[in-house]
2 protein chains.
Amino acid sequence: MLWSIMGTIAAICTTVGFIPQIVRGVKTRELKDVSPMMLTLLLIGGSLWLVYGIHLKNPIIALANGFTLSFVIALLLLRILFKRTNAKT
Amino acid sequence: MLWSIMGTIAAICTTVGFIPQIVRGVKTRELKDVSPMMLTLLLIGGSLWLVYGIHLKNPIIALANGFTLSFVIALLLLRILFKRTNAKT
């Protein structure tokens with residue numbers, strides 16, 4: 001029981017961890033220091049984890065990676081958007 | 001077997017994903033757009049995942065998170081270092 005709680009807290013931390021990155025990006029409108037290669041690898045890894053979690057019928061793995069994936073996609077899109085917007089100004 | 005390979009590739013992607021971020025940071029000597037709160041949450045989450053993986057005797061979870069943790073610690077230290085160095089110049 002204690003271990004399940006620990007696993008859940010671990011999953012929550014590594015998932016919601018991307019929210020402050022999105023907030024920071026939206027505030028500063030700058031994400032150029034964030035590596036696009038990192039985001040791409042997290043996108044591929046997160047997608048595979050999601051499929052793997054669904055296959056294992058493990059809701060923690062599936063849910064955590066589903067959310068992580070959506071945050072990483074948001075960061076990638078924001079990075080592209082800011083790069084274009086900042087290039088114009 | 002196929003699913004284990006998929007899980008392993010997923011773990012490798014979400015772990016080595018932090019390497020290009022370290023490389024980018026070292027090259028540009030700038031990590032100010034990278035959220036310190038994200039790194040802190042990934043540090044806490046990665047530590048808990050590592051302990052959870054050791055408890056489950058699951059080498060994939062333990063190893064992947066052990067590496068992720070060391071990369072996240074490296075990023076946190078680099079971010080502090082660059083912030084100090086760049087503040088001086």
Side-chain angles (χ1 to χ4, degrees), chain A residues 2-56 58 60-61 64-65 68-69 71-72 75 78-79 82-83 86, chain B residues 2-56 58 60-61 64-65 68-69 71-72 75 78-79 82-83 86:
Chain A
L2 184 73
W3 289 104
S4 306
I5 294 172
M6 192 185 221
T8 309
I9 296 173
I12 291 172
C13 284
T14 50
T15 300
V16 302
F18 292 95
I19 297 177
Q21 181 63 70
I22 294 175
V23 172
R24 187 181 182 91
V26 170
K27 269 190 193 165
T28 62
R29 301 192 71 78
E30 273 289 5
L31 284 170
K32 70 173 188 321
D33 298 339
V34 177
S35 161
M37 180 62 84
M38 173 184 74
L39 294 176
T40 307
L41 282 166
L42 292 178
L43 178 78
I44 297 167
S47 311
L48 292 174
W49 271 124
L50 175 62
V51 177
Y52 189 57
I54 292 169
H55 164 72
L56 293 178
N58 182 315
I60 295 181
I61 297 180
N65 285 286
T68 304
L69 197 58
F71 296 148
V72 169
L75 280 172
L78 283 175
R79 199 183 185 285
F82 294 159
K83 198 172 180 182
N86 295 343
Chain B
L2 183 73
W3 288 105
S4 306
I5 294 171
M6 192 185 220
T8 309
I9 296 173
I12 291 172
C13 284
T14 49
T15 299
V16 303
F18 292 95
I19 297 177
Q21 181 63 69
I22 295 175
V23 173
R24 187 182 183 90
V26 170
K27 270 191 193 165
T28 62
R29 301 193 70 79
E30 273 289 5
L31 284 169
K32 70 173 189 320
D33 298 341
V34 177
S35 161
M37 180 62 85
M38 174 184 75
L39 293 175
T40 307
L41 282 166
L42 292 178
L43 178 78
I44 298 167
S47 311
L48 292 174
W49 271 123
L50 174 63
V51 177
Y52 189 57
I54 292 169
H55 164 73
L56 292 177
N58 181 316
I60 296 181
I61 297 180
N65 285 287
T68 304
L69 196 58
F71 297 148
V72 169
L75 280 171
L78 283 174
R79 198 183 185 286
F82 294 159
K83 199 173 180 181
N86 296 342

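Interface remark: R79(B) contributes side-chain atoms only to the contact with chain A (heavy atom separation under 4.5 Å). Neither the backbone nor the side chain of V23(B) has a heavy atom closer than 4.5 Å to any heavy atom of chain A.
The backbone N or O of L50(B) sits nowhere less than 3.5 Å from a side-chain atom of N65(B) that would complete a donor-acceptor pair. Between the side chain of Q21(B) and the main chain of M38(A), no donor-acceptor pair closer than 3.5 Å is present. Under a 3.5 Å cut-off, the side chain of R24(A) and the backbone N or O of K32(B) do form a donor-acceptor pair. Here the side chain of E30(B) pairs no donor or acceptor atom with the backbone of D33(A) at under 3.5 angstrom.
Heavy-atom pairs under 4.5 Å with chain B were tallied for G45(A), S35(A), G46(A); the largest tally goes to S35(A). Chain A forms more heavy-atom pairs under 4.5 Å with one residue of L48(B), I19(B), L56(B) than with any other, namely L48(B). Interface check for chain A: of the options A11(B), G53(B), G25(B), the most heavy-atom pairs under 4.5 Å are formed by A11(B). Per-residue heavy-atom pair counts under 4.5 Å with chain B were compared for V51(A), I22(A), V16(A), and the maximum is reached by V51(A). The candidate from Y52(A), F18(A), W3(A) with the greatest count of non-hydrogen atom pairs under 4.5 Å with chain B is W3(A).
Side-chain atoms of V34(A) and L75(A), non-hydrogen and from C-beta on, never get closer than 4.5 Å to each other.
The CD1 atom of I61(A) sits 11.0 Å away from atom CD1 of I54(A), with the distance rounded to the nearest 0.5 Å.
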